[in-house]
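Below: one structure, written as structure tokens.
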2 protein chains.
Amino acid sequence: MSGQIAVSGSHCHFRPHQFLAREDEQPEAIFQIDEGWACRYRLLSDGRRQITGLFLPGDICEPHWALGTRPTQPIVALTNVRATCLPCSTHGGLARESERACWKNLTEMIERQANWLVTLGRKTALERLAHLLLELFERMRASGLSYGQQCAMPLTQMEIADMTGLTPVHVNRTLQAMRSRGLVELQSKWLRIPDLAALRDVAGLSSRQTIA
Amino acid sequence: MSGQIAVSGSHCHFRPHQFLAREDEQPEAIFQIDEGWACRYRLLSDGRRQITGLFLPGDICEPHWALGTRPTQPIVALTNVRATCLPCSTHGGLARESERACWKNLTEMIERQANWLVTLGRKTALERLAHLLLELFERMRASGLSYGQQCAMPLTQMEIADMTGLTPVHVNRTLQAMRSRGLVELQSKWLRIPDLAALRDVAGLSSRQTIA
DNA sequence: CGCACCGTTGATATTAATCAATTTGGGTGG
DNA sequence: CCACCCAAATTGATTAATATCAACGGTGCG
């Protein structure tokens with residue numbers, strides 16, 4: 001939970017539960033994840049937690065920090081994480097090409113968040129889990145980290161619950177239902193999706209809709 | 001529902017239910033709302049609807065369109081709307097100062113959306129409504145459109161339901177509970193918040209947390 | 001070997017959705 | 001001004017989805 005950030009050159013790594021950023025603390029760098037998963041979340045006073053964003057390999061954590069904005073939510077490693085530090089001057093110093101990348105990154109984030117608003121606001125447990133697993137797979141695939149129909153899936157059911165706004169118990173039961181319907185295979189941190197289209201259908205995502 | 005966009009100079013206006021933008025159609029301009037309310041939403045195949053963003057006076061609708069991104073969600077007027085058209089060249093043509101404004105706008109949107117992810121994922125009907133009414137009031141106040149403790153609130157209970165991920169019936173009952181507890185006064189499209197701090201408390205928002 | 005953490009199960013409680021009227025209120029045309 | 005109309009708000013009864021509470025089993029690791 002505590003401990004030093006291990007820096008080697010412009011790289012650093014984090015252990016599970018270690019913070020990449022804390023609320024209100026100006027980060028000294030912007031991280032691009034090379035390996036591992038991290039998330040940003042918010043905690044309510046009574047302990048309820050909602051994960052509001054997931055960072056997978058290739059992702060730049062919070063590009064708008066480059067403009068001097070400070071994190072309003074903590075970012076924490078879910079697994080071991082290797083990251084590259086993109087140093088940023090105190091206000092708005094990023095190369096012109098990175099700027100373009102940041103725009104793209106931000107608009108994708110808005111798009112993904114909007115999709116999750118729909119899912120959390122209007123969808124059932126089954127649809128939420130389908131959405132999550134699809135998004136994970138498609139994002140992993142997009143960064144070349146899928147193998148056929150499968151990819152790594154290091155999240156615990158507790159973390160899945162905090163992403164989908166459900167309880168761990170209900171996540172467990174719903175996953176069982178999905179498994180028994182042959183929608184997904186999920187065991188020992190590994191996800192396999194036998195029929196993407198079927199899962200997409202269950203998730204209630206329009207065929208055009210971007211997930212990754 | 002249909003009809004022409006009324007343009008006069010670089011201004012235009014829309015009637016309730018008229019589209020400011022449709023899915024997948026490249027907009028010919030980016031709109032800054034001068035008066036009235038609009039929203040963006042997504043519709044599920046079975047008719048469920050989730051509003052994913054609200055545009056109030058002063059807001060720039062979707063700044064990232066300026067970069068050639070196309071709308072992935074429709075934007076529709078909730079009331080009569082007057083707007084200024086900020087024309088944009090086919091790809092990425094906005095003045096340098098507007099660019100800064102767009103960044104700010106985008107990061108605010110991400111922040112607001114993240115807050116709503118928490119609310120939709122983890123909060124009760126009462127907390128959701130408190131969040132919504134607070135946000136509305138604070139945003140209206142921020143643009144000088146509040147009068148003491150009150151401001152306009154043109155949304156129907158149906159629209160409130162589509163923002164908060166509830167049913168209209170449940171919104172109705174929860175609002176009654178809030179009224180009877182003296183948390184809000186809400187009638188004939190007008191909102192009054194007798195005690196901001198109390199409502200903030202009910203909404204379960206950290207005191208630091210930005211709403212507007 | 002034992003301690004954690006994770007996944008699983010069963011029983012019950014709550015919240016919110018659903019279904020079906022009924023009432024209210026603002027606008028419109030006669 | 002009044003009658004009418006339609007959308008919005010309200011109410012009541014019931015059901016469905018999910019949370020909560022409390023164990024229990026498995027597994028990796030020090």
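A, B, ... follow the sequence lines: proteins, then strands. Residue 1 opens every chain.
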Rounding to a whole Å, what distance do you find between [X]:[atom1] and [N]:[atom2]?
X        : N      : atom1 : atom2 : value
A:His170 : C:dA11 : NE2   : C1'   : 16 Å
A:Gln176 : C:dT9  : CD    : C1'   : 8 Å
A:Leu166 : C:dA16 : CG    : P     : 14 Å
B:Met158 : C:dA17 : CE    : C1'   : 14 Å
A:Ile160 : C:dT8  : CD1   : C1'   : 14 Å
B:Arg173 : C:dT14 : CZ    : P     : 18 Å

Inset, instruction - Verify, without hydrogens or angle tests, whether A:Lys123 (side chain) and A:Ala203 (backbone) share a donor-acceptor contact under 3.5 angstrom. - result: yes
Inset, instruction - May I ask you to decide if B:Ile110's main-chain N or O and B:Gln113's side chain share a donor-acceptor pair within less than 3.5 Å? - result: no
Is [Y] close to [X] at the side-chain level, that is, under 4.5 Å between some pair of heavy atoms?
X        : Y        : value
B:Leu134 : B:Glu138 : yes
A:Leu78  : A:Glu159 : yes
B:Glu185 : B:Ile193 : no

Inset, instruction - Mind checking the CG-CE spacing from B:Leu56 to B:Met140? Nearest 0.5 Å is all I need. - result: 6.5 Å
Inset, instruction - Please give the angle, rounded to 10 degrees, between the axes at the start and the end of the helix from C:dC1-D:dG30 to C:dG30-D:dC1, where five pairs define each axis. - result: 40°
Inset, instruction - May I ask you to decide if the ring planes of B:Phe31 and B:Phe14 are parallel, tilted or perpendicular, using 30° and 60° as cut-offs? - result: perpendicular
Between [X] and [Y], does at least one N-O distance fall below 4.0 Å, as a salt bridge requires?
X        : Y        : result
A:Arg139 : A:Asp59  : yes
B:Asp162 : B:Arg48  : no
B:Arg128 : B:Glu135 : no

Legend entry - Where chain B begins and ends its contact with DNA chain D, read 5' to 3' at 4.0 Å from heavy atoms: D:dA8 to D:dA13
Inset, instruction - Name the closest nucleotide to the A:Asn172 side chain, picking from C:dT9, C:dA16, C:dA20. - result: C:dT9
Inset, instruction - From the options C:dG7, C:dT8, C:dG10, select the nucleotide whose nearest atom is closest to the side chain of A:Arg179. - result: C:dT8
Inset, instruction - Look at B:Arg128 and C:dT15 and indicate whether a side-chain polar atom (N or O) is within less than 4.0 Å of OP1 or OP2. - result: no
Inset, instruction - Take A:Arg122 and A:Lys189, find for each the nucleotide of DNA chain C with the closest heavy atom, and name the residue whose nucleotide sits nearer the 5' end. - result: A:Lys189
Legend entry - Option from B:Leu155, B:Val81, B:Asn80 for which side-chain contact (heavy atoms from CB on, under 4.5 Å) with B:Trp37 holds: B:Leu155
Inset, instruction - Would you mind building the protein contact string for nucleotides 23-29 of chain C? One character per nucleotide, 5' to 3', B for base within reach (heavy atoms under 4.0 Å), S for sugar-phosphate only, - for untouched. - result: -------
Inset, instruction - Have a look at B:Thr167 and say if it touches a base, only the backbone sugar-phosphate, or nothing, with a 4.0 Å heavy-atom cut-off. - result: base
